[in-house]
There are 2 protein chains.
Amino acid sequence: MNEQSKALASQPSQAEQVAQELERAIHEHRLTPGAKLGEDEIAEVYGVSRTIVRAALQTLAHQRLVELRRNKGAFVAQPSVREAREVFEARALLEPRTARSAAERMTKADLDALTRQIEEEHAALAAGDSGRALFLSGQFHIEIARIADQATIAAFVSELVSRSSLIIALYWQRRAALCESHAHHALIEAFRDRDGDRAEDLMKGHLLDLVTSLDLRNVAPMPGSLREALGK
Amino acid sequence: MNEQSKALASQPSQAEQVAQELERAIHEHRLTPGAKLGEDEIAEVYGVSRTIVRAALQTLAHQRLVELRRNKGAFVAQPSVREAREVFEARALLEPRTARSAAERMTKADLDALTRQIEEEHAALAAGDSGRALFLSGQFHIEIARIADQATIAAFVSELVSRSSLIIALYWQRRAALCESHAHHALIEAFRDRDGDRAEDLMKGHLLDLVTSLDLRNVAPMPGSLREALGK
DNA sequence: GAACGCATAATCGTATACAATACTGTGGTG
DNA sequence: CACCACAGTATTGTATACGATTATGCGTTC
């Protein structure tokens, strides 16, 4: 079962590839909070050994996307209400100021890329692929940190966005799935105008909207089959 | 070589223990940036297998304390000048506001613990153990985030403090090793007065002092023997 | 004498084997 | 009928073995 592995798959490391696949599955809510991630099962699905799978799961555990329970296995994390609040608290500290920096150093190319991303998000939403739309909506925030030229903050934001995806899966009260799009559009305009103040305010408001659109009182777990969610 | 392992050492997981030992060695500058962390060597030192060591190294890599170079091995990270700036940029966003929250919800017990920590830091410094003093000085910042009751932010601050330790090892220009102590004392007083505004300002200034006390222009690597630094 | 190439050794990457622990179902007993 | 004990099964934790890649040292050649 290592015939194709020596082909050329070893550059970005098999473990990272598996981690990325799982991460995306979680982002798109194909894997829902609480789902069991059996080592043997994943190993078989991707045709690698458990060693690789364990490394990937450890990576995701460090991002708090999966929880490693000793002698029990790996599970998609189920952020508590408290953790949900903390995540958005952290985002409130990091993202508005970062949006300001981004606005100030935004280039035309950056703006185009951002605009293209929003359009893709709209397309996904129109196509009914809300999973992908949600994923792209998160990428938007990460991209801003990248444009602000702050790799360290970008890494934090990336982790927080991932965790937000789990939080949304658990606590989202359905209504106005695209209120975000408006917020993102408004941000783009602020960026176009190089208006740091406005970008900061808009981001602050956007995050506030997000957290208030959650129902942070009760819980709602969901099992779901792993092999099915992974597609094959 | 697993006689003592089944004793009762398995609770906090061997990998985490090794990771903690290495982390502390890095914090206290017994392991300096660029040092090679050979898997076999560490495995032998702690009497565990390479499997455990690899897990520990991966953990540290996620915290950016060590750099994993493919087919080359693990090395203590050498933050670039740019990364150094980014780390303090992130701290500037997170810590002042967190200090304010901490001040507002500080209890007498918290204050006592914090005070005790400062005294211990002074004692270490007086005893000439500057490595431990530096470690405790970092713990002070982490403790504040914990008191603010923000576990998520505390985790970020913890990582940033760790990385700051590496940055100090590389870019510190010796002078006024205890200017920090003054800043920490001033913060304690603000906490005692429940003065959130002052705590936020003091923390902002403290971080600014820290970053300006660095020489962010040149580099200075250092090898050093591993087995020696680990003590046994 | 310097530079290149090859053989050797060391180290990492991955797979697999075995041990330890937790889960499941069955049979018995109160 | 409910509950507990126990055996069997499955899954994770750890160690080790093997293959691949990289570093090193020596000998040859120009």
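Lettering of chains follows the sequences in order, A, B, ..., and the numbering in each one begins at 1.
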A.B. asks: Nearest heavy atom decides the nucleotide; on that basis, is A:Lys72 or B:Gly73 closer to the 5' end of DNA chain C?
C.D. replies: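 On the 5' side of the pair lies B:Gly73.
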A.B. asks: Which of the following nucleotides, C:dG13, D:dT12, C:dA15, is nearest to the side chain of A:Ser49?
C.D. replies: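 Of the candidates, C:dA15 comes closest.
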A.B. asks: Respond yes when some side-chain nitrogen or oxygen of A:Arg70 is under 4.0 Å from OP1 or OP2 of D:dT14, and no when none is.
C.D. replies: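 For D:dT14, OP1 or OP2 has a side-chain N or O of A:Arg70 closer than 4.0 Å.
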A.B. asks: In this structure, which one of B:His141, B:Arg91, B:His27 forms a side-chain hydrogen bond (donor to acceptor under 3.5 Å, both in side chains) with B:Ser164?
C.D. replies: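 Output: one option passes, namely B:Arg91.
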A.B. asks: Would you indicate which nucleotide in C:dA17, D:dA15, C:dC12 comes nearest to any side-chain atom of B:Asp40?
C.D. replies: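 Closest nucleotide to the B:Asp40 side chain: C:dC12.
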A.B. asks: Separation of B:Ile52 atom CD1 from D:dG13 atom P, in whole Å?
C.D. replies: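 For the pair B:Ile52 CD1 and D:dG13 P, the rounded distance is 10 Å.
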A.B. asks: Classify the ring geometry of B:Phe140 against B:His184: parallel below 30°, tilted from 30° to 60°, perpendicular beyond 60°.
C.D. replies: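 Parallel.
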A.B. asks: Rounded to whole Å, how long is the line connecting atom OH of A:Tyr46 with atom C1' of C:dT14?
C.D. replies: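 In whole Å, C:dT14 C1' lies 19 Å from A:Tyr46 OH.
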A.B. asks: Output the rounded distance in Å from CZ (A:Arg69) to P (C:dA22).
C.D. replies: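 Answer to the nearest Å: 14 Å.
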A.B. asks: Rounded off to whole Å, could you give me the CZ-to-P distance for the B:Phe75 and C:dC12 pair?
C.D. replies: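 For the pair B:Phe75 CZ and C:dC12 P, the rounded distance is 8 Å.
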A.B. asks: Taking NZ, NE, NH1 and NH2 as the nitrogens, is one of them in B:Glu83 or B:Arg64 under 4.0 Å from a carboxylate oxygen of the other?
C.D. replies: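 Salt bridge: no.
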A.B. asks: Calculate the interatomic distance between B:Gln14 atom CD and D:dA15 atom C1'; express it in whole Å.
C.D. replies: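 Atom CD in B:Gln14 sits about 11 Å away from atom C1' in D:dA15.
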A.B. asks: Rounded to whole angstroms, how far apart are CD on B:Gln17 and P on D:dG13?
C.D. replies: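 It works out to 16 Å between those atoms.
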A.B. asks: Could you check how far CD of B:Glu39 sits from P of D:dT16, rounded to whole Å?
C.D. replies: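 About 15 Å, once rounded to whole Å.
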A.B. asks: Between A:Arg50 (CZ) and D:dT11 (C1'), how many Å, whole number?
C.D. replies: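 About 7 Å, once rounded to whole Å.
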A.B. asks: Of the nucleotides D:dA23, C:dT11, C:dT21, which one has an atom closest to the side chain of B:Lys36?
C.D. replies: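 Of D:dA23, C:dT11, C:dT21, C:dT11 is nearest to the side chain of B:Lys36.
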A.B. asks: Can we say A:Arg116 and A:Glu120 salt-bridge, meaning some charged N sits less than 4.0 Å from an Asp/Glu carboxylate O?
C.D. replies: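 Salt bridge absent between A:Arg116 and A:Glu120.
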